[in-house]
Amino acid sequence: MRVVVLGAGGIGGTIGARLHQSGYDVALVARGPHGEAIRERGLTFVTPEERVTLPIPAYAHPREVDWADDDVVIVAAKSQDTESAARDLAAAAGPVPVVSAQNGVASERTLLRWFERVHGMCVMMPTAHLEPGVVVAHSVAATGILDLGSYPAGTDDVDEALAAALRDSRFESDARPDVMRWKYRKLLNNLGNAVQALCGTGAGWRETGPAWELLVAEAERVFAAAGIDPVTEAEDDERRADHLRLGEVDGQPREGGSTWQSLARGGGIETDFLNGEIALLGRLHGVPTPANARIQALMRRAAVRGAGPGTMTPTDLIAALATP
């Protein structure tokens, strides 16, 4: 089995790096300055324990890959790029098994339009990607928790084989037939990504907690109306246990999550597939979601302006979200 990682940022780059270090056959597909840097110098992988540059084969586009029958693709592009990635991949690779290692719950359904064997992966992994050619993994215990399963439900040989390879490579990974229930729980957790991006990492829970609570309360009402049953918070806490422990990385402080990093890089944001997913479900099921819709719009404006993270005070954000 060769693992081809499509999107080699913080998540995809870390998965590719750890599998490569464990002796697995890996290829990366990465575009732009990041991809150019990897092809010129290798992927620089930084953890609390090491800084290494890995000679992983890297390509600018799926059509450049010499595809084989035993390839498995991990899609780690941002959710807003899933459709274009799927079109490129289907044209180049044919009917490969595809694993969505992405936030939100929409990418699996999108991928299913082009691929028969689609899998979801619930990613819990503190990483960063702010510099071309460099990815940082911050956990000193397991590098991440990467449970996966077939979409919409079940498991198969791909799930079992990939989970075993990931366990060999310093990840916690189980094949789960109900992986989407875990991804819906993670979606609830990710609704606050936009809060952190807009208010900055200096604002603590005491200041921003009311904003998070407004967003999650709307989502829980939407889930109830839609018949969506995520795993409980207690189940999620038990799975995380003490597997993820942040360590210091010289010169690479753990600043913010993926949405914060996207604003900091001036790149595209996936809020439309996080808070926007709640707004969509609310409209489909007749449940008002004004707070999630408003923060989606605020993030869109911040991205268009290139404002970077930390442009709103918690007080102003809460007022904006709570306005009838």
Side-chain angles (χ1 to χ4, degrees), residues 3-62 64-65 74-81 85 101-103 121 123-146 166 169-171 193 196-197 200-201 244-270 303 306 308-310:
V3 177
V4 180
V5 182
L6 181 58
I11 298 300
T14 296
I15 293 172
R18 284 299 194 207
L19 288 170
H20 174 83
Q21 287 180 316
S22 295
Y24 287 93
D25 193 4
V26 178
L28 306 177
V29 179
R31 63 187 183 183
H34 183 53
E36 292 172 8
I38 296 171
R39 287 185 288 279
E40 289 175 5
R41 303 188 297 271
L43 176 67
T44 298
F45 180 52
V46 187
T47 76
E49 302 154 334
E50 62 181 347
R51 181 184 184 96
V52 294
T53 299
L54 305 173
I56 305 175
Y59 305 91
H61 193 280
E64 298 177 4
V65 179
I74 296 179
V75 178
K78 294 298 185 184
S79 298
Q80 68 268 20
D81 297 323
Q102 299 163 280
N103 283 334
M121 177 181 285
V123 177
M124 306 177 198
M125 184 160 63
T127 65
H129 163 50
L130 295 171
E131 178 185 348
V134 181
V135 297
V136 181
H138 287 271
S139 180
V140 295
T143 302
I145 304 172
L146 305 176
L166 292 167
S169 306
R170 295 193 59 177
F171 296 106
N193 287 13
Q196 184 191 67
T201 55
L244 303 178
R245 297 197 301 273
L246 294 183
E248 292 186 1
V249 177
D250 291 341
Q252 299 283 350
R254 173 66 175 167
E255 295 185 274
S258 59
T259 304
W260 183 97
Q261 292 173 39
S262 292
L263 276 189
R265 289 196 306 267
I269 55 169
E270 58 185 352

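Along the sequence shown, the residues carry numbers beginning at 1.
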* Residue pair His20 / Pro55: nearest heavy atoms and the distance that separates them -> NE2-CD, 3.9 Å
* Asked: Is there a side-chain contact between Ile145 and Met125 (heavy atoms, below 4.5 Å)?
  -> no
* **For Glu40, all residues meeting salt bridge (charged side-chain N to carboxylate O under 4.0 Å, His left out), sequence neighbours excluded** => none
* Distance, nearest 0.5 Å, that separates CD1 of Ile15 from OG1 of Thr127 -> 9.0 Å
* Pro309 vs Gln196 side-chain heavy atoms within contact, under 4.5 Å -> no
* List the steps, then state whether side chain to side chain contact (heavy atoms under 4.5 Å, CB included) holds for Asn193 with Trp260. => CA-CA 7 Å; Asn193 287 13; Trp260 183 97; over 6 Å; no
* Is the shortest heavy-atom distance from the side chain of Ser258 to the side chain of Glu270 under 4.5 Å? -> yes
* Roughly how far, to the nearest 0.5 Å, is OG1 of Thr14 from CZ of Phe171? -> 6.5 Å
* Does Glu36 reach the side chain of Pro132, with side-chain heavy atoms less than 4.5 Å apart? -> no
* Asked: Under the salt bridge (charged side-chain N to carboxylate O under 4.0 Å, His left out) rule, what pairs show up with a residue in residues 6-17, not counting sequence neighbours?
  -> none
* Asked: How far does CD1 of Ile56 sit from CD1 of Ile38, to the nearest 0.5 angstrom?
  -> 8.0 Å
* To do: Could you tell me whether the side chain of Val123 reaches within less than 4.5 Å of the side chain of Asn103, counting heavy atoms only?
  => no
* Asked: Just checking, any donor-acceptor pair under 3.5 angstrom between side chains of Gln21 and Glu50?
  -> yes
* Stepwise side chain to side chain contact (heavy atoms under 4.5 Å, CB included) test for Leu43 and Val135 -> CA-CA 8 Å; Leu43 176 67; Val135 297; 4.1 Å; yes
* **Between Thr44 and Thr53: side-chain donor-acceptor atoms closer than 3.5 Å** => yes
* Asked: Does the side chain to side chain contact (heavy atoms under 4.5 Å, CB included) test come out yes or no for Leu166 and Leu19, once each step is laid out?
  -> CA-CA 7 Å; Leu166 292 167; Leu19 288 170; 4.2 Å; yes
* Structure fact -> CD1 of Ile11 to NZ of Lys78, rounded to nearest 0.5 Å, is 7.5 Å
* **Under 3.5 Å donor-acceptor, Arg39 side chain and Tyr59 backbone** => yes
* Asked: Are Leu263 and Ile269 close enough that some pair of their side-chain heavy atoms sits under 4.5 Å apart?
  -> yes
* To do: Could you tell me whether the side chain of Thr143 reaches within less than 4.5 Å of the side chain of His138, counting heavy atoms only?
  => no
* Heavy-atom side-chain proximity of Val136 to His129 below 4.5 angstrom -> no
Report, one line per pair, each donor and acceptor closer than 3.5 Å where one atom sits in a side chain of residues 23-35; sequence neighbours left out.
unit_1	atom_1	unit_2	atom_2	d
Tyr24	OH	Asp168	OD2	2.5
Arg31	NH2	Asp81	OD2	3.3
His34	ND1	Gly133	N	2.8
His34	NE2	Ala8	O	2.7

* Ala142 versus Leu244, closest heavy-atom pair with distance -> O-CD2, 3.7 Å
* Structure fact -> When rounded to the nearest 0.5 Å, the distance separating CZ of Arg265 from CG of Leu130 is 6.5 Å
